[in-house]
**Q** 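Dropping a structure here in structure tokens format, bear with me for questions.
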Amino acid sequence: MSTFSYAARDCATMLRRNLVHLMRYPAMAVSVLGLPVIMLLLFVYVLGGTLGAGLGAARGLSYIDYVAPGIIVLAVCSGAVSTAVSVNVDMTEGIINRFRTMAIARTSVLTGHVAGSVIQTVLSAVLVTGVAVAVGFRPTASPAGWAAAFGLVVLLAFATTWLSVALGLIAKSPATASNLPIPLFFLPFLGSTFVPPASMSAGVRWFAEYQPFTPIIDTLRGLLIGTPIGRDGVIAVAWCAGTALIGYLWARRVYNREGR
Amino acid sequence: MNNKQPATTAAVSATGLRKSFGDTLVLDGIDLHVPAGTIFSLLGPNGAGKTTTIKILSTLIRADGGDAIVAGHDVTAQPDLVRAAIGVTGQLSAVDDLLTGQENLLLMADLNHLERREGRRRAAGLLGQFDLADVAGKPAATYSGGMRRKLDLAMTLIGRPRLIFLDEPTTGLDPRSRRGMWEIIRDLVAGGVTVFLTTQYLEEADQLADRIAVLDHGRLVAEGTPDELKRLVPGGRIRLQFTDASQLGRAARALGEASRDDEALTLEVPNDGSVAFLRTMLGRLDAESVGVAALSVDTPDLDDVFLTLTGHPDTTKDAWR
């Protein structure tokens, strides 16, 4: 076999290992899924009435249609925590030194994690979408719109995963690793997840308009329920691609640094 | 195991290895030569630099200075060729807790690029050999310390490395598991594999190693066979206990060169540890009709060697006994 096919086989082996972990230790996956679902129910059944009244009349939307795309993005961000923790656990245990002293493709450890986490994260985003539909979310997207929305979720998952792999690598312990990605989870709150930035006070509004999650959420919302997207689509893809690249380079650099 | 090498080949050959972490000098220029097919033990207390040495030789970290040829390849220039020839079992458990014993072995078989059937065959063989067949289907997290260590070693062996690094292979094991591990290590070498092990247990080095290097504060303070090292310290002593002062006095006159303790009624006679010396000594005492109440022979062990060489006692011993 060639070097490339060995590398591909190593990556597949590592992916299989991470998927088995996922199935053996589902508690993490459940907690990753639980938070966005609770958020969804909270904002639809508890806060949604008032928020929707303040926002809906002008736009002609029910609140769940407004908030569901943001919650889907939140579900993707929520996956970052489990990625960082599982990478960190791997790095702080002896098995990583075993991998490093074997003649295997060096990046296969990280690509295995990334592929496994992207699959897990996208699955949880799909499940959250399903719950949203069950409680009244009514997307109007065409099949092409669904495909584009799915693509955007995968791209976002890819970006947040590489970033959280890097965070998992720099953390000294699994506890730190579970804290580092938390800003990633809170950024959507200061964006267009729950209310439009236009309704926020001036300073926060400025931040909300220019931070990455607002164009990402607005694009997903546009694809699913037909609100205008405009330039947001390009900006969203650029943010995702840029974050993925930075996360990848950062993770690779930390991983290859010797003597942790 | 396959891949026998002629005994003259060096499995490890290192010169002038140096390594610092920040301001701390961990290795201060050490030279190592390990012939293929032998057991080599790096002996030293905690913090002596043993693990750092293994990390450098197994391509985990780079030395700041010096050269190392491992399994015929330079560790810095051709790390992948070194990795393909070695197996490493470190101090930290390197098993995947969420996988079963068998899955752990199959994971390693895949990463060694074995064919599926061959991987299963070797995994089954190792599980049987290490008495793990009964627990092969249970997650490694449920294993005892001794079982984990055996699984760990089996995972190292599935790729059939020619050279195996074992970093403190028996630390934390109960005496029975430790002896089991020693048997496994001896069997490996009987099959032609070279073993490079570190230990803080003098007894372990004495039991296993063909050659021992004593590492202290990043420097090699001695190297040789266990017997050669024992010869480095003054010979043993025979301690004779008497029932009264007159017996002691007559014995002291008969034996000449001996140190006498009038209060304890003992004589300590330096000796070379041979049976002939003992026989001669007892013969002289018989001729003088001296009755000996008790006799004990102290031969130097590696504890004495360690103390002599490093100038400080082996402080790790209490944890071991």
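Below, chain A is the first sequence line, B the second, and so on; all start at residue 1.
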**Q** Looking at B/Arg18 and B/Asp64, is any side-chain nitrogen of the basic one under 4.0 Å from a carboxylate oxygen of the acidic one?
**A**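 Salt bridge: no.
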
**Q** Of all residues at least two apart in sequence or in a different chain, which pass the side chain to side chain donor-acceptor pair (under 3.5 Å) check with A/Ser117?
**A**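 For A/Ser117, the residues satisfying side chain to side chain donor-acceptor pair (under 3.5 Å) (neighbours in sequence not counted) are A/Thr83.
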
**Q** Between A/Arg100 and A/Tyr255, is NZ or CZ placed under 6.0 angstrom from the six-membered ring centre and within 45° of the ring axis?
**A**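 Judged by the rule, A/Arg100 and A/Tyr255 form a cation-pi pair.
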
**Q** Should the heavy atoms of other residues, nucleotides or ligands under 6.0 Å from OH of A/Tyr25 be counted, would the total exceed 12?
**A**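 Atom OH in A/Tyr25 is not packed in, count stays at 12 or less.
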
**Q** With a strict 4.5 Å heavy-atom criterion, list every residue of residues 99-107 of chain B that contacts chain A, or say none.
**A**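 Hits under 4.5 Å: B/Leu99, B/Thr100, B/Glu103, B/Leu107.
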
**Q** Tell me whether B/Arg219 at atom CZ has more than 12 heavy atoms from other residues, nucleotides or ligands lying less than 6.0 Å away.
**A**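 Open: at most 12 neighbouring heavy atoms sit under 6.0 Å from CZ of B/Arg219.
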
**Q** Does a salt bridge link B/Asp96 with A/Arg17, judged by any charged N lying under 4.0 Å from a carboxylate O?
**A**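 A salt bridge is present here (some side-chain N lies under 4.0 Å from a carboxylate O).
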
**Q** Strictly below 4.0 Å, N to O, side chains only: are B/Asp28 and B/Lys19 in salt-bridge contact?
**A**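 Looking at B/Lys19 together with B/Asp28, the answer is no, because their closest N to O distance does not fall below 4.0 Å.
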
**Q** Tell me which pairs pass ring-ring contact (aromatic ring centres under 6.0 Å, His included) where either residue lies in residues 39-66 of chain B, with sequence neighbours left out.
**A**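 Counting only pairs at least two positions apart or across chains, the ring-ring contact (aromatic ring centres under 6.0 Å, His included) contacts touching residues 39-66 of chain B are B/Phe40-B/Phe196.
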
**Q** Can you spot which of B/Lys138, B/Lys150, B/Arg149 makes a side-chain contact (heavy atoms from CB on, under 4.5 Å) with B/Tyr143?
**A**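 It is B/Lys138, the one option of B/Lys138, B/Lys150, B/Arg149 that forms the side-chain contact (heavy atoms from CB on, under 4.5 Å) with B/Tyr143.
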
**Q** Quick one: what part of B/Ser58 sits under 4.5 Å from any heavy atom of chain A, side chain, backbone, both or neither?
**A**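 For B/Ser58, heavy atoms of backbone and side chain both lie under 4.5 Å from chain A.
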
**Q** Could you name the residues of residues 104-111 of chain A that have a heavy atom within less than 4.5 Å of a heavy atom in chain B?
**A**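 Result: A/Ile104, A/Arg106.
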
**Q** Heavy atoms only, distances under 4.5 angstrom: which of A/Met14, A/Glu93, A/Arg16 has the most pairs with chain B? Name it, please.
**A**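 Most pairs with chain B among the choices: A/Arg16.
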
**Q** Do you know which of B/Ile86, B/Thr52, B/Asp152, B/Thr59 has the most heavy-atom pairs with chain A at a distance under 4.5 angstrom?
**A**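 That would be B/Asp152.
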
**Q** Which answer fits B/Val95, side chain, backbone, both or neither, if we ask what part of it has an atom under 4.5 Å from a heavy atom of chain A?
**A**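 Contact with chain A: backbone only.
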
